[in-house]
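Handing you this structure, nothing more for now.
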Amino acid sequence: MAPHDHLPSDDASGASDASGAPALVDFAVDLTSQEVLRRAQVTAALGPDWDPLEVLLGEEAAYDLLYSGLDAEQQRLYDELVAAGVLPARGDGRAAA
């Protein structure tokens with residue numbers, strides 16, 4: 001069947017829209033069980049020693065290091081990016097020295 005041909009309606013009433021195309025049918029798939037399985041597999045892969053608080057503190061320390069020791073021009077750009085909402089404000093609003 002060519003892509004431009006209309007598919008026949010499976011609806012006993014032969015319902016169609018104004019253009020004569022078959023009416024749309026709701027189509028839903030519940031992926032809840034797959035999502036639960038995926039999360040369980042991720043947690044198992046992380047292992048029992050994974051500490052989310054430690055990871056978060058490590059990320060914060062990395063950001064502090066990343067934005068430390070900026071020269072005047074870098075600090076100006078940093079401040080502009082914070083003001084524009086591109087980067088989150090950190091500490092007192094200035095990059096760490």
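Hydrogens, waters and symmetry mates are skipped; everything else that's a heavy atom, side chains included, is used. Keep in mind that what you see is a predicted model, and the values were worked out from it rather than measured.
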Those residues that, when tested against R38, pass salt bridge (Lys or Arg N to Asp or Glu O under 4.0 Å) (two or more places apart): E35
Kindly work out whether a path of hydrophobic side-chain contacts (I/L/V/M/F/W/Y, heavy atoms less than 4.5 Å apart) joins L87 to L77. no
Going by chain and number, the hydrophobic cluster around V29 (ILVMFWY, side chain to side chain under 4.5 Å) further includes F27, L31
Among Ile, Leu, Val, Met, Phe, Trp and Tyr joined by side-chain contacts under 4.5 Å, find the other residues sharing a cluster with L46 and list them by chain and number. V42, W50, V55
Going hydrophobic residue to hydrophobic residue with side-chain gaps under 4.5 angstrom, can you get from V82 over to V86? yes
Give every residue pair that meets the salt bridge (charged side-chain N to carboxylate O under 4.0 Å, His left out) criterion with at least one member in residues 40-60, sequence neighbours excluded. E60-R90
T32: what forms a side chain to side chain donor-acceptor pair (under 3.5 Å) with it, not counting sequence neighbours? D30
Mind checking what makes side chain to side chain contact (heavy atoms under 4.5 Å, CB included) contact with L57, not counting sequence neighbours? L53
Fellow cluster residues of L24, listed by chain then number, with links counted only when side-chain atoms sit under 4.5 Å apart: none
Please identify each residue that fulfils side chain to side chain donor-acceptor pair (under 3.5 Å) with E80, with sequence neighbours left out. R76
